[in-house]
Amino acid sequence: MSPENAEPWGGEPTPKNFFGGDLQGVLDHLDYIERLGVNAIYFTPLFEATTNHKYDTQDYLKVDPHFGTNEKLKELVDACHRRGIRVLLDAVFNHAGRTFPPFVDVLEKGAESPYASWFHVRDFPLRIEDGIPTYETFAFEPIMPKLNTENPDARKYLLDVARYWVEEIGIDGWRLDVANEVDHEFWREFRKTVKAVNPDAYILGEIWHDSMPWLQGDQFDAVMNYPFTNAVLDFFAKGKIDAAGFANRIGKQLASYPQQVNETAFNLLGSHDTPRLLTLCKEDEQRMRLAALFQLTYPGVPCVYYGDEIGMTGEGDPGCRKCMEWDEDKQNAEMLDFYRSTLALRSRHASLRGVDLRFLQAEEGGKLLVYERRSADGDRLIVAMNAGKRQAKLKVEADGSWVNAYSGKPVPSAKGALKFALPGYGFLVLKQA
């Protein structure tokens, strides 16, 4: 059911308008998602709320009618599972919405409400003074009151929510909003609750900085890997660092976490919170391909923000939340082919899904980057990139025969070395034959 005053699909997003996208629309386009090579979908909040972003939850146990019903979500999850696609939902457990019934009760009854201690209240009655709420909120936003996860009843309610969607709807994991602002003990209980239903469920925290305190094996499986994001953007999109500096930052990132954390790290280059990748690359498609290629050949879990694969642009929120472009004449077909073929490459090669990464060349003061990916069964690839404007010649020490991993064409080698030229912003992925 589209919201009242829903605008025609494809209009300009604002902080408050709606366009009518829903779960049935995702069902209708599962063929596209599967052909792209995607094996998991992460949804931003689907639960009933008043805003278009839905981070102000009203009912944690009900799919927002703008999107469909609980039954429709179950239908979608089942359809995804038949295609080998997993489904991740967004859990907003740091704060609720102004229309969340327990908060409404506190608004009405003040300190006498049985839910008064579900929230962090500095002074009753609840009110706004000089633009500041008398209760704790997310980002000083009055419609997003912060939940007190130390309260036993509030904690039980949220854990029951976490269990319900895994147990009854069959989702495969949770992305946890503003996870660093919720206490560690709650997340420990959350993990036990979710893993008791599905031991393979993926628990992903939204944390923008070093996250080792949450990755000790008792809370999250992974976090949104923004240090990785920033390093990739600084090198490929913004040109702020040289290849040696980039390799050092990536090496430090890998060394900061144990192997099992790097294997599951959620590596993104754009999201609903950031400008789109192509926009950050100043709409230079060659730069964007280099950034995406590194992401898709790097250890961990790469996440493609919807529409990046067809060359969508957009500044920060709300510009990055445009309607998906389904008109094929308006899609960037070459970019889409690049994403499909690179995701297929990742799927075929065990070396790209492991954690073994070794830099062979990282030019100091320059933009040439070469790295190797290996797997225990002998699968071996070399990725060479030129993130500079000018053509460059490379020599890579490599025994044996090699082919272009995309085309299968042989790459000439002599005396244990590969010699080739890369155009500006060019790349070559080599597979050992």
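The first residue in the sequence is number 1, and the count goes up from there. All values derive from a computational prediction rather than experimental measurement.
With no hydrogens or angles considered, a side-chain donor-acceptor pair links Thr297 and Tyr371 at under 3.5 Å. For Tyr32 and Glu309, the side-chain atoms include at least one donor-acceptor pair closer than 3.5 Å. For the residue pair His81 and Asp172, a side-chain donor N or O sits within less than 3.5 Å of a side-chain acceptor on the partner. Between the side chains of His53 and Thr51, at least one donor-acceptor pair of N or O atoms lies under 3.5 Å. When only modelled atom types and interatomic distance are considered, Trp208 and Glu206 share a side-chain donor-acceptor pair under 3.5 Å. Counted by atom type alone, Asp90 and Thr44 present zero donor-acceptor pairs between their side chains at under 3.5 Å. Defined by atom type and a distance below 3.5 Å, a donor-acceptor pair is missing between the side-chain atoms of Tyr298 and Asn262. Side chain to side chain, Gln24 and Asp28 meet the donor-acceptor criterion of an N or O pair below 3.5 Å.
A cation-pi arrangement is absent between Arg287 and Phe294, since the terminal nitrogen or guanidinium carbon is not both under 6.0 Å from the aromatic centre and inside a 45° cone about the axis. For the pair Lys54 and Phe67, the distance from NZ or CZ to the six-membered ring centre is under 6.0 Å and the angle to the ring normal is within 45 degrees.
Residues satisfying the side-chain contact (heavy atoms from CB on, under 4.5 Å) criterion with Lys146, sequence neighbours excluded, are Asn94, His120, Glu136, Glu181.
Checked for salt-bridge contact, Glu75 and Lys72 meet the test: a charged N lies under 4.0 Å from a carboxylate O. A salt bridge is absent between Glu150 and Arg155: the closest approach of a Lys/Arg side-chain nitrogen to an acidic carboxylate oxygen does not fall below 4.0 angstrom. Residues Lys330 and Glu328 are not paired through a salt bridge, judged by the lack of any N-O separation under 4.0 Å between the basic side chain and the carboxylate. Of the charged side-chain nitrogens involved, none lies within less than 4.0 Å of a carboxylate oxygen, so that Glu189 and Lys192 do not count as a salt-bridged pair. One finds a salt bridge joining Arg276 and Asp308 here, because a Lys/Arg side-chain nitrogen approaches an Asp/Glu carboxylate oxygen to under 4.0 Å. With respect to Arg289 and Glu285, a salt bridge is recorded, a charged nitrogen being found less than 4.0 Å from a carboxylate O. Looking at Asp160 and Arg163, a side-chain N of the basic residue comes within less than 4.0 Å of a carboxylate O on the acidic one, giving a salt bridge.
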Would you check, one step at a time, whether the test side-chain contact (heavy atoms from CB on, under 4.5 Å) holds for Val403 with Leu430?
-> CA-CA 6 Å; Val403 299; Leu430 303 158; over 6 Å; no

Give the C-alpha distance, both sets of side-chain angles, the deciding distance and a yes or no for side-chain hydrogen bond (donor to acceptor under 3.5 Å, both in side chains) between Asp123 and Thr134.
-> CA-CA 6 Å; Asp123 190 38; Thr134 63; 5.9 Å; no

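Taking the six-membered ring where tryptophan is involved, the planes of His272 and Tyr55 are essentially parallel, since the angle between them stays under 30° and well short of 60°. Classified by interplanar angle (parallel below 30°, tilted 30° to 60°, perpendicular above 60°), the ring pair Phe235/Phe246 is parallel. Ring-plane geometry between Phe138 and His95 is classed as parallel, the angle between the planes falling under 30 degrees on a 0 to 90 degree scale with a further cut at 60. Ring planes of Tyr202 and Phe266: tilted class, angle from 30 to 60°. Between His29 and Trp326, the two ring planes are parallel [angle under 30°; tilted spans 30° to 60°].
Between Trp118 and Phe103, the closest side-chain pair of non-hydrogen atoms is not below 4.5 Å.
Side chain of Gln331 to main chain of Asp327: no donor-acceptor pair is present (N/O by atom type, distance under 3.5 Å, no hydrogens or angles). At distances below 3.5 Å, not a single donor-acceptor pair connects side-chain atoms of Arg249 with backbone N or O atoms of Gly245. Judged purely by atom type and a 3.5 angstrom limit, Arg373 uses its side chain to pair as donor or acceptor with the backbone of Gly354.
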